[in-house]
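Bear in mind the structure is a predicted one, so any value in this text is a computation, not a measurement. Below, chain A is the first sequence line, B the second, and so on; all start at residue 1.
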There are 2 protein chains.
Amino acid sequence: MTVTQATATPPLLRRVNAGKLLGVLSNAGVMTGTGLIQATGLTRATVHAVCNDLISMGWVVELDPGRDDTAVGRPSRRFEFNSRAGYVLGIDIGDAKTTVLLADLRGETVAKAGRSVSDVKTPGERTDIVHETIVEALASAGVCDPQVLAAGVGVAAPVDRDGNILVDDEFWRRFDAGLAKRLTELHGWPVLLENDANLAALGEQWRGEGRDVDDLAVLLAGERFGSGLMDSGRLLHGSRGGAGEMVYLKLVEGVGDTHGIARIARDQGAAAVADPAVDTILRTLDGPITAEQVFTAAGSGDEVALGILQHVAGRTARVVATLGILFNPELVVLGGAVAQAAKALLPDIERHLATFTSTPPRVAVSSLGDAIVSVGAVRHALNYVEQHALDLNLKPA
Amino acid sequence: MTVTQATATPPLLRRVNAGKLLGVLSNAGVMTGTGLIQATGLTRATVHAVCNDLISMGWVVELDPGRDDTAVGRPSRRFEFNSRAGYVLGIDIGDAKTTVLLADLRGETVAKAGRSVSDVKTPGERTDIVHETIVEALASAGVCDPQVLAAGVGVAAPVDRDGNILVDDEFWRRFDAGLAKRLTELHGWPVLLENDANLAALGEQWRGEGRDVDDLAVLLAGERFGSGLMDSGRLLHGSRGGAGEMVYLKLVEGVGDTHGIARIARDQGAAAVADPAVDTILRTLDGPITAEQVFTAAGSGDEVALGILQHVAGRTARVVATLGILFNPELVVLGGAVAQAAKALLPDIERHLATFTSTPPRVAVSSLGDAIVSVGAVRHALNYVEQHALDLNLKPA
DNA sequence: GGATCTAAATTTAGACTCTATATTAATCAC
DNA sequence: GTGATTAATATAGAGTCTAAATTTAGATCC
C-alpha cells in the first residue's frame, strides 16, 4: 500500500506568531509597530504581515498613525486590540437567581440582566428563564447572537473538564444535559459549562482579591460551603468534576456538615430566640430570624449574636484550615452572599486559623459580591475565545 | 531610537517537528519511515530530514533496512529511539534509607543501590551517603557522570514547582538547600528535587496501579500519612509546595493525627500487651511489638490483632474519604512500607468508605513496594529529559 | 537471468514565512 | 526648503515545508 502524503500546508509559524501578537495586543492598550517588535522579538516585516492578517480578520483595528514615545521621525502605525470584535456571556444559574453578564473582549461589562426564580419545576421552565434573561441582556446592549463568541455558564453541580455535568440525580441530569445543547440550538454560540465555585475562583483571580495569585481557593460560604480550587493557575476538576466538594466536612471536628455561614447564623439565632432564658435583641424583631439580623445585632453589641459569630468564625476557620493545609493555596477568598458581612469575622477566623497550622494561607473576603460567579463565567468564556481566536469567524454587527 | 531587529533565526518548525517525532519514537519500538509519516502527518521528506537530525544528535539510531508489514517493494529505513543515548537517576532520600535507581531513557532499570542510614547528624554526612550510593550505582553499570542527563530526587519535605525545598526548620533548610547544589557540583548533571509523595504519584501513574489514570492520589501510609495529588496528569504543589500535607487530619474525627498505619498498629499492639487483662498472641513474642507482628497475628486469627486492624481500616477509610471527596481522584493508591500488608484491609476500607461518600474513589494498594518513590523520581527525571531533549548535548560513553 | 511489480527512498520544484538590509516616506527643527 | 530622525516599505536570501516526479531495492514470475 502506498502512503498518501499529508495534503494541507499548516501555516504553523504564522499561527504561532499571530497568537503571540494577539496575546500582546489583547492585554495592552494601543501599540506601535515598534512596540510590537520589542514585545515579540519578531521582525518589523513579520509584525506588519501578521497585523495585517489580524486586521483583516477583525481582531485588530488600526488607528491613525501617531507617536507615543518620541516627537521626531516618521509616525508609527498604531494597532489596537478590537475589544468589540465580539462579545462573551457570563451566566450564573444559581438556586434562587439567574444572572447574565454581557462583556466585550476585554471583559468590560456591556450589559447585565437578572431574574429571580422562586419555584422552578421543570428543566424546560428553567431553560426558558435563562433564555429570557439572555435575550434581555443582549437586547439592552443591541448585541445580536452572531456577535457572541462564547458563553460561560456556572451551575451548582459537579462539572468535568469537558463541561459535562455529572450528577447522579436523574432530574438534574436531564435539566443540565439539555441546557447547554438547548442554548446552543437557540443562539448558535458555544456554551461552556463549569462549576460555580470554580468560576468564582476564576473570577477572583481575574478581578477580585486573587490578582497575581496562582494558587487560590475560593470558599463560597453562604447557605452551603462550596469551594473552587486553583493550583498554578489551573482549576482542579478531579475525575468526575467533584474537586472542591465539601461533604468531607461531616468528618471534620467542630464542623460536622456543609452548612454555610448564613445558615448557621440563622439557625443559631432562631435557637437562641426559642430559648426563653436567653436575653437578646433578636427577640424583638418580627418574623423568622435572618442571618443579616444576627450580623446587625452583633454589630450593635448584642452578646448572644456576638457569641454566634464567634462560633461561626471558629467553624469557618476549621474549614479554611483543612483547605489551606491540604491544598496550600496562597490565598483563600470567602465569597457568596455573606461575603461582606464576613469581613467582620476575618480577625477571629485568622486567630483560630493560626492554632491549626503554622503556615496559614492569607484569608480575604470577596469584593465581587454576587457577581463572583458571573464574572468568573465571563473569564471562562474569554479563555475559550483566546484559545480559539484564530479559528473563530468574526461577524460584524 | 532605532530598534535593532531580532538576529537569530529560530528554527521553530523544525524544532516542533523534531519534538513530535522524538515523542513518537520514544514510546514506540522500531519504526519505519512510512510509519512515522502516518504517525506524525508529515511528509516523507520532512520525516527523513528530521530523523537524520535526530540521528546525528544521537537520539535515534538507524537499523538495517527491512520490512515489517509487507513483503514487496523497497525495504524501509528503520529508526529506533536510542534508549541508551543517556541515563537518568531516580533517588529516594528517605528517613531511614537512601535508594538510587539508574535507568535508561526508556526508564528500564540499569542499576540499583541503597544505603540504610541509621543516624545521620549533619547535612554533610547525609550528602556524602547519597553521593556514595550514586557512585556505587553508576559504577555497577559502568555509566559515567557525563552520560547522566538528569536526576530526580525525592525528599520528605515540601517542594515547590521550581524544585525549591520550603521548610521553616533551619537545619533542614541548610541540608536540603545544599544538597541539590552540591550534587550538581560533584556530578555535573541537573538535580530535580520533588516531594516524595508527589514522586510516588508519578511512579504509580507510570508503572503502578494508576496507569491510564490522570486523577490520582497516592497515600503514603506507613509511619506517617503523606499524600501526592495529581489532577489531570499534573502534580499539585500549592503555593509553598505544601499540597498534599496531611496535618489537617488532626481536625478529622476518628483520626486526630497524621500517624500512619504501621505506627497505629504498633502502638495499639503495644498497648494491648501492656494491659494484663487482654488475651493475645502478641504477648508471647519477644521484644517490642512491630506492625508486622500485628498483621501476622491477625492473619493467624488473633482477635485482638484483628480488632486493631479493624480500627486501622476505619481510620484509613476516613483519610481516604477526605481526600476522595475534596479532591475527587479516580483512584487512591496506598503506598509505603505497609502497602502489601494493607491489601488485607482493602475490603474493610472500602466498606467504611462507602458510608462516607456515595461516589468513593477506587482504592488500590501499590505494587511498587519500596521503589515507589525512586521509580517516580526516574519518571520525574525522564520528564525533564523529554522536555529538554533538543537542548541537551549527548555525550557518548 | 531478465522482465515486472511494488513500496519506499531520493530528487526536484515551488510555496511560504521568516530575517536582514536597503530604500523610501513622514514628520519636526531650524 | 534642508537635514535629522524614525518608521514604513521593498528587496534579497535563507530555511523549512509540501507535492509531484524519478530512482532504487528487493520480491516474484516466466
request  = Starting from the 5' end of DNA chain C, give me the residue, Ala49(A) or Pro75(B), whose nearest nucleotide shows up first.
outcome  = Pro75(B)

ask   = Which nucleotide, dA8(C), dC17(D), dT19(C), lies nearest any side-chain atom of Thr34(B)?
value = dA8(C)

task = Ignoring backbone atoms, test whether Arg77(B) places a side-chain nitrogen or oxygen under 4.0 Å from the OP1 or OP2 oxygen of dT10(C).
result = yes

message = I want to verify a distance call: between dT16(D), dT19(C), dT9(D), whose nearest atom is closest to the Arg44(A) side chain?
response = dT9(D)

query = Starting at the 5' end of DNA chain C and moving along, which residue's nearest nucleotide shows up first, Arg78(B) or Gly73(A)?
reply = Arg78(B)

Protein-nucleotide distance (Arg74(B), atom CZ; dT22(D), atom P), rounded to Å = 17 Å

ask   = Any chance the side chains of Asp145(B) and His187(B) put a donor and an acceptor closer than 3.5 Å?
value = yes

request  = Go through Met57(B) and Leu54(B) one step at a time and tell me if the side chain to side chain contact (heavy atoms under 4.5 Å, CB included) criterion holds.
outcome  = CA-CA 5 Å; Met57(B) 283 192 267; Leu54(B) 291 174; 3.8 Å; yes

Among dT19(C), dA8(D), dA8(C), the one nearest Ser76(B) by side-chain distance = dA8(C)

inquiry  = Rounding to an integer number of Å, can you tell me how far Asp64(A) CG sits from dA7(D) P?
reply    = 18 Å

Out of dA7(C), dA8(C), dC18(C), whichever nucleotide has its closest atom nearest the side chain of Asn17(A) = dC18(C)

query = So Phe81(B) and Trp59(B), would you call those rings parallel, tilted or perpendicular, with 30° and 60° as cut-offs?
reply = parallel

task = Find the distance Leu13(B):CG to dT18(D):C1' and express it as a whole number of Å.
result = 12 Å

message = I want to verify a distance call: between dT18(D), dA9(C), dT16(D), whose nearest atom is closest to the Thr43(B) side chain?
response = dT18(D)

task = Mind calculating the distance between CG (Leu36(B)) and P (dA9(C)) to the nearest angstrom?
result = 10 Å

note = Atom CG of Leu42(B) and atom P of dA9(C) are separated, to the nearest Å, by 14 Å

ask   = Between Ile37(B) (CD1) and dT18(D) (P), how many Å, whole number?
value = 10 Å

message = I'd like to know if the side chain of Asp104(B) and the backbone of Arg106(B) have a donor-acceptor N/O pair within less than 3.5 Å.
response = yes

key: Thr34(A) and Arg44(A): side chain donor to acceptor below 3.5 Å   = yes

ask   = Are OP1 or OP2 of dT19(C) and a side-chain N or O of Thr46(A) less than 4.0 angstrom apart?
value = yes

message = Quick check on DNA chain D: between Val72(A) and Gly33(A), whose nearest nucleotide comes earlier from the 5' end?
response = Val72(A)

query = For dC18(C), does OP1 or OP2 lie under 4.0 Å from any side-chain N or O of Arg14(A)?
reply = yes

key: Atom-pair distance (CD on Gln38(B); C1' on dA7(C)), nearest Å   = 12 Å

Leu12(B) CG - dC16(C) C1' separation (whole Å) = 15 Å

